[in-house]
**Student:** 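Below is the structure I would like to discuss, written out as structure tokens.
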Protein chains: 4
Amino acid sequence: MKSDDVAAPRHRGNRHGRSEQARLAVLEAADDLLVEKGFAGVTVEAIAASAGVAKQTIYRWWSTKTDILLDAFLQDAAEDLVVPDHGDLGPDLRDYLRRLTHFLTRSDAGAVLRALLGHAQHDPGFAAVLRTRFLDEQHDRDRLAIERAVHRGQLPADLDVAAEVDQLVGPIYYRVLVTGSPVDEQFTDRLVGTFLRRVDGS
Amino acid sequence: MKSDDVAAPRHRGNRHGRSEQARLAVLEAADDLLVEKGFAGVTVEAIAASAGVAKQTIYRWWSTKTDILLDAFLQDAAEDLVVPDHGDLGPDLRDYLRRLTHFLTRSDAGAVLRALLGHAQHDPGFAAVLRTRFLDEQHDRDRLAIERAVHRGQLPADLDVAAEVDQLVGPIYYRVLVTGSPVDEQFTDRLVGTFLRRVDGS
Amino acid sequence: MKSDDVAAPRHRGNRHGRSEQARLAVLEAADDLLVEKGFAGVTVEAIAASAGVAKQTIYRWWSTKTDILLDAFLQDAAEDLVVPDHGDLGPDLRDYLRRLTHFLTRSDAGAVLRALLGHAQHDPGFAAVLRTRFLDEQHDRDRLAIERAVHRGQLPADLDVAAEVDQLVGPIYYRVLVTGSPVDEQFTDRLVGTFLRRVDGS
Amino acid sequence: MKSDDVAAPRHRGNRHGRSEQARLAVLEAADDLLVEKGFAGVTVEAIAASAGVAKQTIYRWWSTKTDILLDAFLQDAAEDLVVPDHGDLGPDLRDYLRRLTHFLTRSDAGAVLRALLGHAQHDPGFAAVLRTRFLDEQHDRDRLAIERAVHRGQLPADLDVAAEVDQLVGPIYYRVLVTGSPVDEQFTDRLVGTFLRRVDGS
DNA sequence: CCCTAATCGAGACGGTACGTCGTGTCTTTCG
DNA sequence: CGAAAGACACGACGTACCGTCTCGATTAGGG
């Protein structure tokens, strides 16, 4: 069970701690560079220059630029994807999928995530890290509304939640990452409608 | 009197047209490098060296390494995704989704496509090219089984085929590109089952 | 046949050889940097920048900055140390030692040589290279006046020329490299006087 | 080589004055590094690590690594170059030049001195310091035997001692620093012989 | 039947960014 | 307050690829 850590630890096992100021400057610089210049514009040298930090300071704490972007992403992304709780499955899902879509397509953090997912296709090691540090947790969030409904008895207890969730969010990611076709509310609401009819009928 | 060369003399350029030999060597080298060393191992210099070709010959015909990979991919990929035609929607879809999954997760061409989709996240221009040169056509293939069923009167004519297709293949791409969780036949068959119940009911 | 063949191949860097233009720019830049900013100012990056050349072009042809300086030195140094030939030992030696002193203490090439000799104290491998590529030849020049006198019968044939030469030039190098005290004509003439009395007496 | 470290309680600072233990550890580490890894191996970081001392402790007391080496050198070198006093000029000089040669070519301290002389060629400021802190004193030692002879009336009082000394030791330094040719007793004795004949005759 | 033009191999070039090393300064913690 | 620990900004290192640029050889077609 994970409990919320109070604050980032000031000391890292050493006698002294790293510079929080440098850490934040790096993360913000990486974020900004990605949004402004795209993935190719995110170079360690550009981050260092733009953060007013020495390259060695970056390499002391991160091993690759995607490592930096991941940290930057995690710092911002947490609060953007709060799962709503109206006490009713339909509104919860409709709301959540709209938020997810907005996050993926409109927010800066979403742009970072798309870049990271892109890089994960090129680097299996990073893919694993990305899953451990974000996607697993995100998957839990994706399930939350449905699991609450199961808890309330609104849905059968033996529902294969994982598969259902993938049918809900999969098409959204597919349009965002693959086809590039727009994801409007009609589309997400339709996904929810299909799902509700599917689980009601069964 | 002709001298018998043991090895066939290498094509060394001619006035009209490019060397097919060089073209194929480049495509194959790019493909091999991706499969063996990953995306980072695909460099123009490595392709040139491994294909026994001059860098300039590459730059004469392609502008980027992803351009090469896309060409290589298109050369192989076409036949791997033939849409089956059993005359019945259910078997057609089940068969096709299995093939698609196998293509995405098991084949070398699928590995190349995943790399290209990854790169498309970093380069909107390339994303557009990828859509024009492959994904649009692929989308048509994805629709084919359903459209044939519409033609046969098995499905209503006003069906929103695009949205339906995305609900069918979206979850597969999502698992492949995002979660990395396995896509087995149970999962694809379930997608088809859900779809058939959905369209029968409506 | 005319001897007026234009034998100045203007290579710009191609399959048939390196760029003479780049080579000269590098040597001159290294030389200038040494004279203007001292040995610490001679960095590969500064040479590259000041020569308008890529670092890799430098590393393609030289392995260390002292390698460059040695090349630069050899290019200039040759003509500065011509051995005079008045047909008489005394004037020859007096003249030569004055020239040597001027070379070591006043010329840019001398400054480079002092730097190279300094580096040779830190790097035995380079010391060996320096000997092979310059000092051996220089030693021959140092002996030349005396050997001519031996040839003329002015000096005994069994003279230990090497030891005599070291007694002539050694004190000059010593003052230049170690004590830093000035080397005037009185000092060099005295060395010659001592030598002549020594070999006449014996 | 580092002596076997007994786990003695390390000095950790006190209110009055610097740590003699740290000072000696630094000097010894610098010396050892020079002898074992050459001049390039002498870095402040390596000295600090190998002496078990913080970098700041080094910078508190020395300004450059050559400063450290000079201190280390002065600590050892003094006793190696005692001027003999047999009461006779010839034996004194012969003995002294042999000792000087041995010091320059065979001893660890000589290796340090050669490195320092090398560095002096790259850094005029350091050259001045080296003269002030060692070479002037050494020059006095070089003169001592001769001056004693002048005192005894063995040599004329108006002898230009400085010039004579340079003719004696110059060739030795020249061979050591420049040509790298061996300096044997025959060579040093010959220098003395030449000198004695020269001053006797005059 | 040479002449010409396109293409080939080879590889040097000016660059950008990489990841590492050493410098000298600074801050924190301990005794 | 000196010393150990070590993070920091800075600058240079030497390497890997990038995309461009000759060069000489090769080989059709057209003159």
Side-chain angles (χ1 to χ4, degrees), chain A residues 10-12 14-19 21-23 40 43-46 48 51-61 63-65, chain B residues 9-19 21-22 40 42-49 51-61 63-65, chain C residues 9-19 21-23 40 42-46 48-49 51-61 63-65, chain D residues 9-19 21-22 40 42-46 48-49 51-65:
Chain A
R10 282 245 152 186
H11 307 290
R12 284 228 157 187
N14 300 327
R15 189 128 78 143
H16 319 286
R18 69 193 280 193
S19 161
Q21 192 178 341
R23 195 186 130 259
T43 66
V44 176
E45 297 217 317
V53 143
K55 266 201 302 179
Q56 188 57 54
T57 298
I58 294 181
Y59 284 110
R60 214 189 323 274
W61 303 108
S63 49
T64 64
K65 69 183 191 181
Chain B
R10 185 169 270 289
H11 181 272
R12 301 188 73 84
N14 70 50
R15 183 162 178 183
H16 295 297
R18 66 195 284 193
S19 161
Q21 191 179 347
V42 183
T43 67
V44 175
E45 298 215 320
I47 294 172
V53 143
K55 270 202 307 180
Q56 187 55 45
T57 300
I58 294 181
Y59 282 109
R60 218 190 320 272
W61 302 108
S63 50
T64 63
K65 69 184 192 182
Chain C
R10 201 85 194 256
H11 292 150
R12 292 241 183 125
N14 52 40
R15 145 186 199 60
H16 309 283
R18 65 195 286 192
S19 160
Q21 194 178 339
R23 195 186 129 258
V42 183
T43 66
V44 175
E45 297 216 319
V53 144
K55 265 203 299 181
Q56 188 56 53
T57 298
I58 294 181
Y59 284 109
R60 215 189 323 274
W61 302 109
S63 50
T64 63
K65 68 182 191 182
Chain D
R10 186 163 274 294
H11 181 272
R12 300 187 73 84
N14 71 51
R15 248 166 220 281
H16 304 295
R18 71 194 281 192
S19 160
Q21 190 180 348
V42 183
T43 67
V44 175
E45 298 212 319
V53 143
K55 271 202 308 180
Q56 187 54 46
T57 300
I58 294 180
Y59 282 110
R60 218 188 319 272
W61 303 108
W62 294 275
S63 51
T64 65
K65 68 185 191 181

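The sequence lines fix the lettering, A, B, ..., with proteins before strands; numbering per chain opens at 1.
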**Student:** Whole-Å distance between E:dC21 P and D:Lys65 NZ?
**Tutor:** 16 Å

**Student:** In this structure, how many angstroms lie between the P atom of E:dT27 and the OH atom of D:Tyr59, rounded?
**Tutor:**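 Atom OH in D:Tyr59 sits about 17 Å away from atom P in E:dT27.
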
**Student:** Nearest whole angstrom, please: distance from the P of F:dG19 to the CD1 of B:Ile47.
**Tutor:**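 Checked: the CD1 to P distance equals 11 Å.
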
**Student:** Taking only N and O in the side chain of A:Thr43, is any of them less than 4.0 Å away from OP1 or OP2 of E:dT16?
**Tutor:**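 No.
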
**Student:** Considering all heavy atoms of both residues, which atom of D:Ala48 and which atom of D:Ala54 are nearest to each other, and what is their separation?
**Tutor:**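 In terms of heavy atoms, the two residues are closest at CB-C, 4.3 Å.
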
**Student:** Between C:Val42 and A:Ser19, just flag the one whose closest nucleotide in DNA chain F comes earlier from the 5' side.
**Tutor:**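 The answer here is A:Ser19.
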
**Student:** Can you tell me the distance, in whole Å, between the CZ atom of A:Arg60 and the P atom of F:dA5?
**Tutor:**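 Distance, rounded to whole Å: 17 Å.
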
**Student:** Would you tell me if any nitrogen or oxygen in the side chain of B:Trp61 comes within less than 4.0 Å of OP1 or OP2 on E:dC8?
**Tutor:**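 Yes, B:Trp61 has a side-chain N/O under 4.0 Å of OP1/OP2 on E:dC8.
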
**Student:** Heavy-atom nearest nucleotide on DNA chain F for A:Thr57 versus A:Glu45: which residue maps closer to 5'?
**Tutor:** A:Thr57

**Student:** What are the two closest non-hydrogen atoms of C:Lys65 and C:Val44, and how far apart are they?
**Tutor:** CB-CG2, 4.4 Å

**Student:** Is there a donor N/O on one and an acceptor N/O on the other, under 3.5 Å, for the side chain of D:Lys55 and the base of F:dG6?
**Tutor:** no

**Student:** E:dC26 base to D:Gln56 side chain: any donor-acceptor pair below 3.5 Å?
**Tutor:**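 Checked by distance alone, the answer is yes.
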
**Student:** To the nearest 0.5 Å, tell me how far B:Glu45 CD sits from B:Ile58 CD1.
**Tutor:** 9.5 Å

**Student:** Can you figure out which of E:dC13, F:dC8, E:dC8 approaches the side chain of C:Ala22 most closely?
**Tutor:** E:dC13

**Student:** If you assign each of A:Ala46 and C:Ala54 to its closest nucleotide in DNA chain E, which residue comes earlier from the 5' end?
**Tutor:** C:Ala54

**Student:** Rounding to a whole Å, what distance do you find between D:Ile58:CD1 and F:dA4:P?
**Tutor:**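 Checked: the CD1 to P distance equals 9 Å.
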
**Student:** To the nearest 0.5 Å, what is the distance between CZ on A:Arg18 and CH2 on A:Trp61?
**Tutor:** 5.0 Å

